[in-house]
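The structure appears right after this line, and notes come after that.
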Protein chains: 2
Amino acid sequence: MSTVFKALSDPTRRKVLELLRKGPMSAGDLADHFSVSKATMSSHFAVLREAGLVVSEKDGKQVIYHLRLTVLEDALFEFTRLFGWSLAPAEEKPTEKETP
Amino acid sequence: MSTVFKALSDPTRRKVLELLRKGPMSAGDLADHFSVSKATMSSHFAVLREAGLVVSEKDGKQVIYHLRLTVLEDALFEFTRLFGWSLAPAEEKPTEKETP
DNA sequence: CTCACGTTTCGACGTTTATCTAAACATCAA
DNA sequence: TTGATGTTTAGATAAACGTCGAAACGTGAG
């Protein structure tokens with residue numbers, strides 16, 4: 001849990017997770033969204049990987065990063081529960097328009 | 001937001017917040033729950049204070065710490081919204097004795 | 001095989017963190 | 001005022017962090 005919060009404590013890393021929400025992306029493509037060196041980005045990726053928030057997969061020359069939503073969800077769920085809050089997974093049903 | 005997550009990234013500080021959930025508590029009483037020096041605890045309190053997660057109030061010799069739930073809630077709410085999750089505020093305890 | 005490309009690793013540097021002991025500060029009681 | 005109690009500050013140290021440029025690694029194209 002500490003490693004997850006630690007990972008979330010950096011804005012760059014939070015933005016990486018946000019970008020990954022839209023789908024898997026290569027290290028280079030991710031890095032293009034930031035103005036730090038590739039070395040620095042690689043280090044951020046490592047933190048996210050060690051926290052279990054992303055997984056990487058090699059595809060030819062590239063390394064593709066995938067978001068691991070469950071890990072993020074589990075950590076936040078466990079924590080928010082301590083405070084009596086309820087964290088609900090993504091509601092995938094905003095199509096309901098029947099509320100008379 | 002970064003300061004909040006940073007504060008949450010330490011187990012000692014998370015436990016302090018958890019203890020404070022039950023009600024305000026003095027620095028000394030809080031420190032008694034941990035096996036680090038008072039100076040170290042004071043430093044942890046400062047981190048929580050700077051993140052806005054707690055506020056302190058002087059009462060005679062003691063310093064009483066209060067949990068600032070709204071700050072924690074706001075940060076987590078904002079973040080979880082990015083991931084399409086819904087974080088519901090604490091269920092109001094049914095401590096209502098009289099509802100005539 | 002050789003080369004360029006995408007990515008990570010290696011040192012290095014300055015900053016921040018967690019921790020301690022010792023000292024200082026603040027307040028109450030005798 | 002003196003002393004005891006509760007808390008914070010000061011100063012020190014070792015580890016971790018964010019960052020960089022340069023070098024190394026792995027892979028596909030020619």
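Basis for what follows: all heavy atoms, side chains included, without hydrogens, waters or symmetry-related copies. In what follows, chains carry the letters A, B, and so on, assigned in the order in which the sequence lines appear, proteins first and then strands, with residues in each chain numbered from 1. Remember, predicted model here, so these are calculated numbers, not experimental data.
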For nucleotides 18-25 of chain C, tabulate all protein N/O to nucleotide N/O atom pairs closer than 3.5 Å, reporting atom names and distance.
unit_1, atom_1, unit_2, atom_2, d
C:dA18, OP1, B:R13, NH1, 3.4
C:dA18, OP1, B:R13, NH2, 3.0
C:dA18, OP2, B:R13, NH1, 3.2
C:dT19, OP2, B:H44, NE2, 2.7
C:dC20, OP2, B:S37, N, 2.9
C:dC20, OP2, B:S37, OG, 3.2
C:dC20, OP2, B:T40, OG1, 2.7

Could you report the tightest heavy-atom contact between [X] and [Y], atom names first, then the distance?
{"X": "B:S56", "Y": "B:R49", "answer": "OG-CD, 3.8 Å"}
{"X": "B:R14", "Y": "B:L8", "answer": "NH1-O, 2.7 Å"}
{"X": "A:A51", "Y": "A:T3", "answer": "CB-O, 3.7 Å"}
{"X": "A:G52", "Y": "A:V71", "answer": "O-CG2, 3.3 Å"}
{"X": "B:E73", "Y": "B:L87", "answer": "O-CD2, 4.3 Å"}

- Query: Applying salt bridge (Lys or Arg N to Asp or Glu O under 4.0 Å), which residue pairs with at least one partner in residues 51-65 of chain B are found, sequence neighbours left out?
  - Reply: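 The answer is none; no pair qualifies.
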
- Please work out which residues in residues 52-63 of chain A have a non-hydrogen atom less than 4.0 Å from an atom of DNA chain C and list them by number.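 Heavy-atom contacts with DNA chain C come from A:K61, A:Q62, A:V63.
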
- Message: C:dG6, OP1 or OP2 - any side-chain N/O from A:Y65 closer than 4.0 Å?
- Response: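 For C:dG6, neither OP1 nor OP2 has a side-chain N or O of A:Y65 closer than 4.0 Å.
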
- Message: Any non-hydrogen side-chain atom of B:R68 less than 4.5 Å from a side-chain atom of B:L48?
- Response: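 No; the side chains remain at least 4.5 Å from each other.
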
- Query: Would a 4.5 Å heavy-atom cut-off, applied to side chains only, mark A:L72 and B:W85 as touching?
  - Reply: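 Side-chain contact under 4.5 Å: yes.
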
- Query: How would you give the extent of chain A contacts on DNA chain D, as first and last nucleotide 5' to 3' within a 4.0 Å heavy-atom cut-off?
  - Reply: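 Both ends considered, the range comes out as D:dC17 to D:dG28.
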
- Message: Please report the distance, rounded to the nearest Å, between CD1 in A:I64 and P in C:dT7.
- Response: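 Taking atom P of C:dT7 as the reference, CD1 of A:I64 is at 7 Å.
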
Just distance, no hydrogens or angles: give the donor-acceptor pairs under 3.5 Å from side chains in residues 28-40 of chain A, sequence neighbours left out.
unit_1, atom_1, unit_2, atom_2, d
A:H33, ND1, A:D29, O, 3.0
A:S37, OG, A:A39, N, 3.4
A:S37, OG, A:T40, N, 3.1
A:S37, OG, A:T40, OG1, 3.0

- Query: Can you pull the ring pair (Phe, Tyr, Trp, His ring centres under 6.0 Å) pairs that have at least one residue in residues 45-79 of chain A, sequence neighbours excluded?
  - Reply: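 Qualifying pairs: A:F5-A:F79, A:F45-A:Y65, A:F79-A:F83.
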
